[in-house]
Structures are given as C-alpha cells and as structure tokens.
Amino acid sequence: MTTLHRRQFLLGSAAALAAGAISPAFAADTKLRLLFWGGKARADRTFAATDLFSKANPGVTIDGEFMAFQDYWAKLGTQTAGGNAPDIIQMDYRYIVEYAIRNGIAPLDEFVGGALQLDDFDKDQLDGGKVDGKLYGISLGANSVALMVNEAAFKEAGIESPGRDLSYEDLPALAAKFNAANKRSGMKLFQDGSGVEPALENWLRQRGKALYTADGKAAFDGQDMTDWFKLWADLRAADVIVSAEDQALDATDAIENTMITLGKATTTFANSNQLIAFQAVNKDPLTMTNFPRIKPGSGGGHYRKPSMFFSIGGTSANKELSAKFINFFISDPEAAKALGVERGIPCKASTREVVAPTLDAQSKIALEFVSNLGDLLGALPPAPPANAGEVSTQLRTTSQEVAFGQTSPEDAGPAFFDQASATLARAKKG
C-alpha cells in the first residue's frame, strides 16, 4: 500500500492579509488532517493548494495523506471506527450515504452562507452531496465515466482509435483487426470490464435499468447479471480482452496497475477527470472517449457525477475551520489554477471562468468531453445506498470467478444478485 504524508511549514505572517485569511481565533498553531485518494499528480496539485491556504492563514497547517482508492477505504474505515477520522475527508458518491447515516461525516448546512459560499455552485452537484435533505459533501468537480485510449498503439497498427459511436457489438471485429496489425506483444484491445462497477452501471442504464433504486434496493435482476457476465465471457473467447491472470494484476484501482498503464490493453475504464493522472504515468499519448454503447445508436448511459466530495469528519474538533478550507479549495483563484480540472470540472461558475484559460491540452480534452456528452447523457441516479461499496467488492470477486472458470455466467448471475440483495437488505436493517 502506498501512503504518503505532507507536513507543511508555517509561513510568514504577512500572508495573513491574503484572500481567504481566517480570524485570529484560529491562528494558534492549528493542524488539520486531510485524507484523500489519488496518485502523485493529484497530490502535487492538492499540496499546492494547501500551501496557498497555509500562506493565507499563518498558524494553520494541513497534514495531508494520500493513497490508492482501494487502500483508502480500509484506512478511512479503521480511523473512523476508532474515533480518529481526519478533519477533511475526500468522499465518494458510492459511500456518502453510508458515512452520513453512521455519523462518520458531519452535516455542513450550518456553514452555508458563512464559511461556505455556494451562491454560484451548480445545483445538480450541490444536490449530489445531500443525504436525507442535509448537505454532507461539497463536490470537487463534475465528471463522467470515460474510456482511456492509447492513441499511439492504434496509430502503430494503422487503425483508427475508438470514437463515440463504438458499441460492444463492434468489439470482436475491431479486436480482430487490431490483433492482426498490433505491433506490441501481449497487448489486447480492452481490459476485462466485468468487475468494473461503473461499466456495469453504464450498461444497465442503457438497458433502462440501474444499479440501485432510490430506497436502496438492487434495480437489476439475476438475468441482467447473467447477460453481463456472458457478454464478457464472449469477449474473452473472441480474444478481445486481457486474460484473467493479467486483469488480476489490477487489484487496487491504482492507475499504475491498470491494463493501459501496464501495456496489457489499449483501453481502460476510468473517469474523465483521471486523464491527467493517467497521462502522468503513461509515455504514450492518451485521449478518451465514452464507454461503448450496448448496440449501434443506443445512448443514455452516462451522467454528470460529482467526481468526489470534501466532507468533514464527524469527530473533527475544527469543523468551521475545515469548512473554511473547503471553501478556499473550491473558490480561491490561485488554488483553482493549481488544481485545474484534475478532480473534474469546477462546480462554481466563478472558478470555471478562472480555470478555463489556463488549461493544458489534456485538461481541455476533459472539459470538452464532459461538456459534449450529447445523446449519451442521462439523469444523475440516486446516491448509492449503505453497503454499496461491499456490493462493488462482490462484483469484482464474482467476475474473477467467472474469468478463471470457477463458475459460469449462468450460475454467477443469480448468485451475485442474491448476494447483493442480501447485502443491501442487511444495510437497511442496520
């Protein structure tokens, strides 16, 4: 597990006059703990912003810690259960309900209009951070699921890289062309997406289904899951996707271990805001496109999702100061320039105006992608219920069992549905 800290030095008192300075009541050597997931590219941008906050607020330091997504939730869960949660917590849409109902994060409504200035904040992104009508998370950016694409691998093979019209039905023929002309040993067209929850959700939405209902039940059935596992089994048999052994290398959701970064596949399922981080660890030029359509001409699987939130730990002794930090993070012009769109498209109109002229090529691709989803765009689904994270882990496990031949799609589909339903029902009882 990769875990890194950032301990920052106190800076000169002259910076107290800078924008975002806090009242003297907080200026007594206060330390806020910040926990987030991500790689070095995100950490560099985050720490640039925390440097600016400390410069504007002498006496306040931010102790930042970051790690891979899969490792993050185990660490946060342990700290929260022990009453030692960070002051500022990076929170995901799939976990916000669970942490809110268990008081792992604090409601923020009392700070709105004071420490939190949200007048020009996008309403859909603000609503995305609410649980039972209370605000528990401030969205750090709007994004959408996206397919990372290695342009160089397609160019070398003399094949046009996938675009927005690509469908699952097109993949076997495209793979046959790529496999015949591929210049890179061991590289396949696609990763195995059978255990990727966002890929499943996107596919279900295109079928008129969803992952979860508004009251926290499964919005799919066993036959849907059989069809899903069968889709990927057929793609595996057609030599479209990586082997089960290769896909097992990507067990932590760390960008460094994804199939595109390891050179195992030309494409990887991800999120639009991650293009910057993917490019940082890939030598070949990358671009992105939408997830495949279920058939030519279908659409509606994507939506503008809060990429992640900042929440405040339920046991934090510095909630108001933490709220001021979050407001600085989403509003300060210099912080906005440092952060760019690595966490998604900024949700405040004033911040977008500051950021847009400063974007590099990769950031502009991300901005254009999220802004032009067209017929692919659908409504934001309800926040995932408590225990949704456990269901996601069950999906990964079941998909591996199918990939390694330990069970069949016909058996795995109903079994996964029953297991997921029981997990969700247990959460409602708790």
Among side-chain atoms of Q79 and R33, is any donor-acceptor pair under 3.5 angstrom? yes
Where at least one partner belongs to residues 178-202, residue pairs that pass ring-ring contact (aromatic ring centres under 6.0 Å, His included), sequence neighbours excluded: F154-F178, F190-F269
How long is the span from the CZ atom in R343 to the OG atom in S139, to the nearest 0.5 Å? 11.0 Å
Please list all pairs passing the ring-ring contact (aromatic ring centres under 6.0 Å, His included) test where one or both residues lie in residues 343-382, with sequence neighbours left out. none
Going by the rule side-chain hydrogen bond (donor to acceptor under 3.5 Å, both in side chains), which residues pair with S194 if we only count those two or more places apart in sequence or in a different chain? D192
By side chain to side chain contact (heavy atoms under 4.5 Å, CB included) - contacts of E245 (at least two apart): S243, F404
Mind checking side chain to side chain contact (heavy atoms under 4.5 Å, CB included) for L204 and listing every partner two or more places apart, or none if nothing turns up? L200, K209, L211, F220, D224
May I ask you to decide if the ring planes of F66 and F36 are parallel, tilted or perpendicular, using 30° and 60° as cut-offs? parallel
Using side chain to side chain contact (heavy atoms under 4.5 Å, CB included) as the criterion, point out the one residue from I105, I138, L108, D87 that pairs with I312. L108
Is E151 salt-bridged to K155, cutoff N-O under 4.0 Å? no
Check the side chains of D120 and S350 for a donor-acceptor pair under 3.5 angstrom, ignoring hydrogens and angles. yes
Under the side-chain hydrogen bond (donor to acceptor under 3.5 Å, both in side chains) test, residues paired with R164 that sit two or more places apart: D375
With sequence neighbours left out, write down each residue that passes side chain to side chain contact (heavy atoms under 4.5 Å, CB included) with S167, or none if nothing qualifies. E169, D170, R293, P296
Under the side chain to side chain contact (heavy atoms under 4.5 Å, CB included) test, residues paired with K337 that sit two or more places apart: E334, V354, T358
Do NZ/NE/NH1/NH2 and the carboxylate oxygens of D71 and K75 come within less than 4.0 Å? no
Passing option when L34 is tested against I89, T46, D63 for side chain to side chain contact (heavy atoms under 4.5 Å, CB included): T46
Heavy-atom pair of closest approach, residues A152 and R184: CB-NH2, 3.7 Å
Checking Q117 against S331: is there a side-chain donor and acceptor pair closer than 3.5 Å? no
Any pair counted as ring-ring contact (aromatic ring centres under 6.0 Å, His included), so long as it reaches residues 77-120, sequence neighbours left out: W73-Y95
Residues two or more places apart in sequence or in another chain: which of them pass side-chain hydrogen bond (donor to acceptor under 3.5 Å, both in side chains) with D250? none
In chain order, what residues pass the side-chain hydrogen bond (donor to acceptor under 3.5 Å, both in side chains) check against N372, with sequence neighbours excluded? E368
Which salt bridge (Lys or Arg N to Asp or Glu O under 4.0 Å) pairs, counting each pair once, include a residue from residues 193-205, with sequence neighbours left out? R94-E197
